[in-house]
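None of these values were measured; they are calculated from a predicted model.
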Amino acid sequence: MAQKKVGLDYIEEYYKNQSLDSCVVPFYDSTRNVEQIILIRHGQPDVSRKGWKNREEAIIFTEVYDSVGVLSFKPMPLCPENLRTDSVYYSNIPRARNTAERIFEDRYDMIEDARFREFERKIMCFFNVKMPLSVWLTTSRILWLLGFNDKGIENFKEAKHRAKENAVYLEKKAEEQRLVILVAHGWHNKYVAKYLRKRGWEQVRKGGSKYTAMNILAREIEEVDN
C-alpha cells in the first residue's frame, strides 16, 4: 500500500508543536515528496558591542567582529543527531564556522563556502568623534542600503543578487538531498528566505532573526523517487 503524501500544513504544525526550550527535531519525510532548507543564524559573537567609539575604534570593532568565534549557547537550535542529510554548509566567516562546529561537531561533512558570507559592512566616513557603537553600525548600514557607503565593497544590489543565486544553489542541493542545512548570517539568510518564497517555497518554521535563530522552508514536489 502506497504511503500517503505529506502536506506542508502538517509539517508546519509539526514544528509548532515542538518545545521552545529544546532543540528542534527536523521533520523526516519517508514518502520523499517534501524538500526542506534549514537556515540557521550564527551564535552571539564573543565581543562586546557596548560603549562609545570614535570612527577608528568602530572600524577596529568590525574587524574583530569578523574574526571571533561565538559564546556558548543552549539549547542548540537543531538536534544534531541522525539528520537525514550528508552535509552541512556554512559561511567562511569565523562566527558562522564556530556555530556550525558547536552544533554538529564532526557528525557530518562540513562544507565551508564564502558565497554564504554576510552582506558586507563598512563604517561610514564621518568626523572622528565619539558616538555609541550602535549609532556607527546602524547609520553605516542605512547609508550602505541607500548606496552612499559602498565604495570598494559589495553594494546592496550585488548582495541581493548573491543571495538570490544562493537561494537557487540551495534549492538544487535540496532536490538532490531533500534536506539542506546552512549556518550563515542574519541579513544573508533573510534575503535567501525571501527569494526562496518567491520561488514557491513555504516557511514552515519562523524562528525570527536573533542569534542562533532557525528558519525552515519547505516545498512539495510532484515526482517522487521510488
Salt bridge (charged side-chain N to carboxylate O under 4.0 Å, His left out) filter on Arg219, not counting sequence neighbours, yields Glu35, Glu171, Glu175
- prompt: Have Asp86 and Gln177 got a donor and an acceptor in their side chains that come within less than 3.5 Å?
  reply: no
| request: Give a yes-or-no answer on whether the side chains of Arg197 and Gln203 include a donor-acceptor pair shorter than 3.5 Å. | output: yes
Here the disulfide bond (SG atoms under 2.5 Å apart) pairs for residues 24-106, sequence neighbours left out, are Cys23-Cys79
For the residue pair Trp144 and Phe119, categorise the inter-ring angle as parallel (less than 30°), tilted (30 to 60°) or perpendicular (more than 60°). tilted
Ring pair (Phe, Tyr, Trp, His ring centres under 6.0 Å) pairs touching residues 44-70, sequence neighbours excluded, are Phe61-Tyr65
Phe126 meets the side-chain contact (heavy atoms from CB on, under 4.5 Å) criterion, sequence neighbours left out, with Met124, Val129, Met131, Trp136
By side-chain contact (heavy atoms from CB on, under 4.5 Å), Lys160 pairs with (sequence neighbours left out) Phe156, Tyr191, Tyr195
side-chain hydrogen bond (donor to acceptor under 3.5 Å, both in side chains) with Ser91: of Glu118, His185, Arg97, Arg117, only one passes, and it is His185
Asp29 meets the side-chain hydrogen bond (donor to acceptor under 3.5 Å, both in side chains) criterion, sequence neighbours left out, with Thr31
So CD1 of Ile103 and OG1 of Thr212: to nearest 0.5 Å the spacing works out to 7.5 Å
Here the gap from Leu182 atom CG to Asn189 atom CG, rounded to the nearest 0.5 Å, amounts to 5.5 Å
